[in-house]
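Remarks on the structure that follows.
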Amino acid sequence: MTAMTVLIIGSGGREHALAIGLSQAPSVGSIHTAPGNAGTATLGTNHQIDAMDIKGLVTLAQEISADLVVVGPEGPLVAGISDRLREIGIPSFGPGAKGAMLEGSKTHANDLMGKLDIPTADSVRLDKYSDIEAFLHGNPPPWVIKRDVLAAGKGVVVTSDIDDASKFISDSIEGDGFVIAEEFLHGEEASLLVLMDESGYVCLPPSQDHKRAREGDEGPNTGGMGAYAPAPIVTPSVLRRAVDEIVEPMHHYLRNQEGPYRGVLYVGLMIDSDGAPRVVEYNVRFGDPETQVTIPLIEGDLGELLLATATGNLSSLSPSFSSSHSATVVLASQGYPESSVTGREISGADLEIDEGVLRGYVHFAGASMISGRLVSSGGRVLATTGIAPDLNGALDVAYQIMDSISLEGSYFRTDIGHRELSRRE
Ligand code: AMP
Ligand code: GLY
């Protein structure tokens with residue numbers, strides 16, 4: 001087979017990580033990204049087409065004769081890009097619109113988990129006929145309130161402040177007609193990325209994200225401020241339970257649906273003190289920044305693996321994983337996540353470490369090259385990633401690279417991996 005032309009859709013650190021993995025795959029000849037970022041530009045061709053411009057992206061895939069399209073974000077999946085591509089015979093990594101509803105609608109995901117007996121939080125729907133005061137006084141804090149819309153991390157509020165909870169509920173009902181209130185799940189979170197098609201599924205090494213903006217898991221929720229893999233909180237027995245109770249029933253259901261689920265199922269887990277996993281959320285795409293720590297641990301040809309998934313042949317491969325550890329630290333713009341100051345010059349972001357078992361590099365996200373200058377263009381600007389024989393080594397590399405980077409007003413968390421490190425003390 002001649003080397004593939006791959007089109008990656010998206011512009012985050014996740015897409016740069018996918019591009020790096022694909023650029024190292026013998027099966028891949030050329031990489032195109034739409035719209036891409038400063039990182040993907042160094043590995044192939046960026047096309048200035050928005051990730052939600054489905055028609056423009058499908059035309060691009062035809063023009064470049066793409067052998068495989070890898071869809072990064074959920075938006076185009078929910079909008080049906082994989083269905084459109086499959087109709088014209090182009091393999092797409094990512095589910096069709098129907099499968100993408102697992103992320104596109106929390107009501108759908110909750111109903112399905114109920115039907116399949118998959119462990120998750122109990123939930124109720126509140127609308128203009130509900131007695132919100134009675135709900136808040138009848139259920140102890142913290143309250144978990146979720147809008148049923150794709151809101152890029154802004155649709156969920158977890159709070160013990162009754163006024164904040166009440167306001168978010170009322171505003172959401174006014175805007176959307178209803179809102180979902182969920183039981184608060186206690187425990188520790190982990191992310192399980194599962195490659196999946198109708199022929200089978202493969203769990204990638206579990207990782208742990210850090211969703212809050214500030215040290216000690218304080219501050220507002222973000223898209224994710226750092227991650228590491230593997231996450232030892234997912235012990236072999238937790239993984240066994242997650243597979244048996246969560247992944248297997250969902251795979252069985254999806255496999256029997258019309259229009260196969262071909263892509264990755266991101267299972268956000270809450271693991272309680274007894275090691276029982278429950279689902280916090282499903283996403284239908286790779287996580288960001290989980291991808292930055294997961295892709296480097298996949299051994300073998302990433303292009304072959306993603307193509308096999310996109311064509312329903314995953315069970316013909318048995319990928320193996322490195323015994324290394326990886327860690328990534330996100331550099332965010334001043335003001336992120338509320339409002340981000342962009343357009344500032346980034347310097348020092350070219351340090352790479354390659355000392356055999358120790359490796360480190362930068363994953364670009366909201367960073368663009370403008371007239372030869374590297375400039376911030378988003379909330380999460382970049383992530384520095386380290387790969388080493390143990391977690392401490394991986395964190396050292398990631399922070400060493402981070403310390404060489406300057407961007408006015410930016411910030412990063414200095415405690416990535418703290419849960420795991422404190423368990424060992
Ligand atoms: P989501 O967008 O559903 O992933 O929610 C964002 C974050 O809110 C999650 O990563 C959790 O930290 C928190 N969260 C969401 N649902 C719950 C829940 N039912 N119990 C506890 N925390 C939750
Ligand atoms: N890092 C969380 C997510 O990708 O949804």
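One-based numbering, in listed order, for ligands and for the atoms of each. Everything quoted here is computed from the prediction, not taken from an experiment. Reckoned from all heavy atoms, side chains included, excluding hydrogens, waters and symmetry mates.
Looking only at atom types and distance, the side chain of Asp161 has no donor-acceptor partner in the side chain of Thr159 under 3.5 Å away. A donor-acceptor pair shorter than 3.5 Å can be found between the side chains of Asp148 and Thr107.
A donor-acceptor pair under 3.5 Å is formed between the side chain of Arg344 and the backbone N or O of Glu408. Arg380 contributes a side-chain N or O that, together with a main-chain N or O of Asp288, makes up a donor-acceptor pair within less than 3.5 Å. Put simply, the side chain of Asn256 gets close to the backbone of His252: a donor and an acceptor are under 3.5 Å apart.
Distances between N or O atoms of Leu185 and those of ligand 1 include at least one value under 3.5 Å.
Comparing Val280, Asn283, Val157, Val156 by heavy-atom distance to atom 23 (C) of ligand 1, the nearest is Val280. Remark: among candidates Glu103, Glu189, Arg212, the nearest residue to atom 10 (O) of ligand 1 is Glu189, based on non-hydrogen atoms. Considering Met270, His186, Arg147, Glu182 only, the shortest heavy-atom separation from atom 22 (N) of ligand 1 involves Met270.
In the vicinity of Asn221, heavy-atom distances shorter than 4.0 Å reach the ligand 1 atoms 7 (C), 8 (O). Close approach to Lys211 involves these atoms of ligand 1, each under 4.0 Å from a residue heavy atom: 10 (O).
For ligand 2, the protein residues placed under 4.0 Å by at least one non-hydrogen atom are Asp209, Lys211, Gly223, Tyr266, Asn283, Arg285, Gly287, Asp288, Pro289, Glu290.
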Checking Glu281 against Lys146 for the salt bridge (Lys or Arg N to Asp or Glu O under 4.0 Å) test, could you report, in this order, the C-alpha distance in whole Å, the side-chain angles of both residues, the deciding distance, and whether it holds?
CA-CA 11 Å; Glu281 61 167 340; Lys146 298 188 176 182; over 6 Å; no
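Under 4.0 Å is where a charged nitrogen must lie from a carboxylate oxygen, and between Asp217 and Arg419 at least one such pair does. In this structure, Asp163 does not pair ionically with Lys167, as no charged nitrogen and carboxylate oxygen lie closer than 4.0 Å.
The shortest heavy-atom distance from Lys146 to ligand 1 is under 4.0 Å. Contact between Lys106 and ligand 1 is present, with at least one heavy atom of the residue lying under 4.0 Å from the ligand.
Below 30°, between 30° and 60°, or above 60°: for Phe93 and Phe286 the angle between ring planes is below 30°, a parallel geometry.
With a 6.0 Å radius and a threshold of 12 heavy atoms from other residues, nucleotides or ligands, Asp117 has its CG atom at or below the threshold.
Contacts with ligand 1 closer than 4.0 Å are made by no heavy atom of Asp209, backbone or side chain. Only the backbone of Glu183 comes within contact range of ligand 1, with a heavy atom under 4.0 Å; no side-chain atom does.
No cation-pi contact links Arg255 to Tyr261, judged by a cut-off of 6.0 Å to the six-membered ring centre and 45° from its axis.
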